Each structure stands twice: as structure tokens, then as C-alpha cells.
Protein chains: 2
Amino acid sequence: MRDLTRKQQNILEFLLTHQNNFTYPPTLDEVCSALGLSSRGSLHKHVKALIEAGLVEPSERKQKGVRLTEKARQLVPSVGETVGTPFVGYIAAGKPIEAVTQVSYIAIPEQIKTDKSCYILQIKGDSMIEEGIFDGDWVIIEQRSVARNGEIVVALIDKAEATLKFIEQYPHETLLIPANSNMSAMKFKPEQVEIQGVLVGQMRSYIK
Amino acid sequence: MRDLTRKQQNILEFLLTHQNNFTYPPTLDEVCSALGLSSRGSLHKHVKALIEAGLVEPSERKQKGVRLTEKARQLVPSVGETVGTPFVGYIAAGKPIEAVTQVSYIAIPEQIKTDKSCYILQIKGDSMIEEGIFDGDWVIIEQRSVARNGEIVVALIDKAEATLKFIEQYPHETLLIPANSNMSAMKFKPEQVEIQGVLVGQMRSYIK
DNA sequence: ATACCAAGAGAACAAATAAAGAACAAGTAT
DNA sequence: ATACTTGTTCTTTATTTGTTCTCTTGGTAT
């Protein structure tokens with residue numbers, strides 16, 4: 001078997017990622033648009049090379065889609081467990097969480113998530129800047145409705161506005177404390193504050 | 001076999017790191033941009049020297065990139081088929097980079113890396129705290145030896161101490177500027193400062 | 001100064017690879 | 001049946017990549 005060209009490896013990589021997020025294999029057109037191609041014809045040659053390399057099932061005309069072989073799946077063992085974490089929306093201090101219309105999935109390393117159910121929000125604004133969480137950062141939130149004192153939580157206040165703050169809970173009072181020391185802690189009755197999750201990870205891109 | 005020039009060693013170093021991040025070797029153009037060259041022709045001479053030294057496979061006039069030989073691969077502890085970005089060590093302002101004895105690999109999302117050769121360092125200390133990079137954070141570094149002014153770079157000063165700082169380069173002076181405004185910019189002669197990579201991503205865990 | 005050498009920029013070229021688009025066939029949906 | 005989607009094949013055109021040359025610069029030895 002001859003070596004794969006770089007393009008062919010890119011396609012293989014896409015197919016491996018795709019099968020982690022979808023149960024059906026992608027059609028040629030879907031692979032095209034994922035790779036920025038505008039002609040199925042161009043792609044097909046690469047797929048044919050992958051078939052000859054035994055990495056893609058030869059098509060049977062009725063089972064549509066570009067389907068990987070068992071051999072290909074064994075090629076990359078370490079991608080196995082990374083099911084993506086859903087990116088669900090934006091959080092700006094003082095506003096409700098703004099959900100994205102189309103949820104996308106980002107495969108994140110286990111170091112910055114827990115093995116519980118997690119989701120991803122993107123930060124708008126500088127309300128957490130002293131905690132090292134900047135405008136545009138992504139935060140990984142473990143979905144749960146209780147927190148320990150001192151954890152950073154996504155809190156929904158009066159069912160209207162969301163915020164990311166340190167929490168301190170006492171029998172008759174819940175405090176939400178911004179990292180920014182210019183702002184002071186806010187006091188609420190426990191029933192006003194609904195915990196939507198706990199901060200477990202964060203990431204940031206420096207690429208323009 | 002004659003000794004390698006400094007430039008040739010840089011190239012070799014780049015190739016060794018690159019093979020940890022990709023399954024395919026880099027093209028001449030990619031090596032050029034990592035080393036800050038603007039002409040393939042110039043690079044090609046060095047590559048030819050590496051071929052003669054038996055460290056790079058002679059090309060077969062196919063577009064297969066700059067491929068290391070078995071001999072060259074044995075220069076570093078072998079990595080095999082790993083997928084992911086290598087975690088190579090710790091960086092503390094003012095000290096050399098402390099390499100881990102056993103390199104591990106972390107699959108990180110494409111949002112916080114580039115499609116070039118990248119590696120991961122873990123931060124020790126608070127020297128970048130105003131840039132939102134804390135003690136214990138991981139940073140993703142794109143491996144290259146040139147930077148644009150204003151980028152955050154891993155710089156090796158006088159071949160002895162590493163640091164993560166904003167860089168400003170002028171014809172006869174290189175400035176390294178800490179984010180922490182309590183510290184002032186440091187001035188160096190250009191030849192004192194060796195750029196080892198550029199910051200492209202960051203991540204943090206809040207899990208104890 | 002003169003000669004020499006390593007490095008790099010840029011132009012030019014050929015081989016390999018990739019892409020677009022047309023055309024058509026086999027299945028699917030209406 | 002008819003239209004639509006999906007996979008396949010083909011030809012033509014464009015882009016990428018490796019290679020070789022020439023020219024320039026800056027440093028070093030003679």
C-alpha cells in the first residue's frame with residue numbers, strides 16, 4: 001500500500017472525527033463542504049485512494065456515505081473516547097444566557113472537564129477578568145444544581161439574568177461574589193438563585 | 001560527516017518536534033515559515049546538507065515533504081503513532097524550561113491551536129498573571145523561531161533562562177515586556193534572545 | 001583591498017497533485 | 001412517471017511542491 005497524500009490524510013482525519021459525533025457516515029457532498037471543496041468529482045479521487053488503501057468501505061450504491069473500515073478505526077486509538085462537549089451559548093454578566101441556534105460539539109481534553117455532564121459557554125464582557133477569565137474565553141461547566149461554597153457557578157438570578165461568580169451559601173442568604181474587586185458581593189435570598197452549573201475548566205485562543 | 005551548522009540544527013530540531021504533532025512531514029514552505037525564511041531555494045540547500053548527513057530521506061521527486069530518516073528519529077526518544085499535542089515541560093519566568101522526562105500527549109481542540117507544529121507547557125509562577133495566565137495553566141505554543149511584534153513568545157535569554165513575554169523587536173534591540181505592570185520591560189541585543197515559539201492557546205482546570 | 005564562503009531572496013521550471021465542471025448512472029422521494 | 005440526490009468517470013485547468021540558478025549581502029581569512 002502506497003503512502004497517503006496529505007489531502008487523503010486530512011480526509012481520513014475528518015472521517016474519524018465525524019464518526020465520533022454522528023451515527024451516519026457523511027456523503028461526498030458533506031465531506032466536500034467540510035473541506036471547502038466545490039466539486040464531488042475532485043473529492044472522489046481521494047476517496048478512491050482511501051478505498052484502495054483499505055481504509056474506506058467500497059460503496060455498494062445503496063448504502064450511501066463514506067464509511068470507514070474496521071482497519072481505519074483501529075488506526076487512531078486515542079481519539080476513541082473524546083465525544084465532543086456541546087457549545088451551547090454565550091454568557092454575559094447580568095443577562096440571560098444567550099443560546100446558540102445551532103449547538104456544535106467541541107472535543108476537549110479530559111484535563112479541563114469532569115466525567116459528569118458538561119457544556120461549554122463563551123464569555124462576553126470583563127466581569128471575571130480578575131479571575132483570569134477574559135472576554136471571548138470558553139468556560140467548561142459541569143451541569144449540576146448544587147455547589148460547595150467557594151466554587152464558581154453559573155447562577156440564574158430571579159429566573160432572568162445569568163452570571164458567573166463565586167458562591168457562598170448560608171441558611172438564609174446566598175452571596176454571589178465577583179472576582180473583580182471593584183464590584184461588591186451581591187446578596188440574595190436562596191430561592192432567588194438557581195445554580196445551573198459549576199466552572200471546571202477554561203480555555204482561550206490567541207489566534208486572531 | 002561534517003558538523004551541522006546552527007541553521008541546520010534548528011531545522012533538525014523543528015523536524016523532530018513536527019513529527020510529534022503530525023503524521024506527515026512538513027513541506028519546504030512550511031519549514032520556511034517556521035524558521036522565518038521567505039525562499040524555498042535558501043532552505044533547500046540546508047535540507048540537502050541534512051540529506052548528505054543521512055538525517056533526512058532523499059526525496060523521490062514526489063511531493064512528500066521533508067522526511068527524517070530512522071537514524072534521525074533515534075536522536076530523540078521515539079514517539080510512534082501518537083495523536084495529540086505533546087506536553088513537554090514547565091516554564092517559570094527566569095529559569096530554563098524544565099523538560100518532563102516522559103512526554104505525554106494531550107488531544108486539544110483546534111480552537112486553541114494552529115495547524116502548525118505545536119507543543120504544550122505548564123506555567124509555574126505568576127509572571128503572566130495580568131495577561132490572565134495563572135500558575136498551573138497550560139499554554140499551547142506554536143513552534144517557530146520568528147515572531148511579529150506584539151505577540152507573546154517563549155523566549156530563551158542568553159541560552160539560559162526561558163520566559164513568556166510580549167515581544168517588540170527593533171533593528172538593534174529586542175524588548176521583552178511582562179504583562180504585569182509592576183515589572184518593566186527588559187532590553188536585550190537581538191542575538192541574546194532566541195524565540196522558541198509563539199503563544200496560540202491557553203487552558204486551565206478548576207478541578208482540585 | 002581581494003578573495004572566499006555561508007545565507008538568503010527571488011525567478012524559473014517540471015513533476016505531482018488538486019480542483020472544477022460536465023456528463024451520466026443508480027438509487028430515493030414525491 | 002418525474003424530479004432529486006448521490007456516487008462515478010472523464011477532461012481540462014490550476015495550484016503546490018521540489019529543484020536549480022543567479023544575484024546580493026555580510027562576515028572572515030589572506
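All figures in this text were calculated on a predicted structure; none of them were measured in a lab. Residue numbering restarts at 1 for every chain, and letters A, B, ... go by the order of the sequence lines.
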Is the phosphate of C:dG8, meaning OP1 or OP2, less than 4.0 Å from a side-chain N or O of B:H46?
yes
Taking 4.0 Å as the cut-off, does a side-chain nitrogen or oxygen of B:H44 come that near to OP1 or OP2 on D:dG18?
no
Take the protein atom [atom1] of [X] and the nucleotide atom [atom2] of [N], then report the distance between them rounded to whole Å.
| X | N | atom1 | atom2 | result |
| --- | --- | --- | --- | --- |
| A:D29 | D:dT6 | CG | P | 6 Å |
| A:L43 | C:dT17 | CG | P | 17 Å |
| A:R67 | D:dG7 | CZ | P | 11 Å |
| B:I51 | D:dT19 | CD1 | C1' | 11 Å |
| A:L28 | C:dA26 | CG | P | 17 Å |
| A:I11 | C:dA18 | CD1 | P | 8 Å |
| A:K48 | C:dT17 | NZ | C1' | 15 Å |
| B:E52 | D:dT19 | CD | P | 12 Å |

Would you sort out whether A:S117 and A:Q143 count as a side-chain hydrogen bond (donor to acceptor under 3.5 Å, both in side chains), showing the intermediate values?
CA-CA 6 Å; A:S117 176; A:Q143 189 171 25; 3.2 Å; yes
Sequence neighbours left out, what passes side-chain hydrogen bond (donor to acceptor under 3.5 Å, both in side chains) with B:S33? Give chain and number order.
none
Who passes side-chain hydrogen bond (donor to acceptor under 3.5 Å, both in side chains) against B:Y119, sequence neighbours left out?
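side-chain hydrogen bond (donor to acceptor under 3.5 Å, both in side chains) list for B:Y119, sorted by chain: empty.
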Can you check nucleotides 21-24 of chain C for protein contacts, nitrogen or oxygen pairs under 3.5 Å, and list what you find?
from   : atom 1 : to    : atom 2 : distance (Å)
C:dG21 : N7     : A:S39 : OG     : 2.9

What contact category does [X] fall into here, base, sugar-phosphate, or nothing, at under 4.0 angstrom with non-hydrogen atoms?
| X | result |
| --- | --- |
| B:K7 | sugar-phosphate |
| A:L37 | sugar-phosphate |
| B:K45 | base |

Residues at least two apart in sequence or cross-chain that pass ring-ring contact (aromatic ring centres under 6.0 Å, His included) with B:F166, listed by chain then number, are none
Holding to ring-ring contact (aromatic ring centres under 6.0 Å, His included), I want the full list of residues that pass it with A:F188, two or more places apart in sequence or in another chain.
none
On the 0 to 90° scale, with breaks at 30° and 60°, tag the B:Y90-B:F87 ring pair as parallel, tilted or perpendicular.
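B:Y90 vs B:F87 ring planes: perpendicular.
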Taking only residues two or more places apart in sequence, or in another chain, which ones meet B:K124 in a salt bridge (charged side-chain N to carboxylate O under 4.0 Å, His left out)?
B:E98
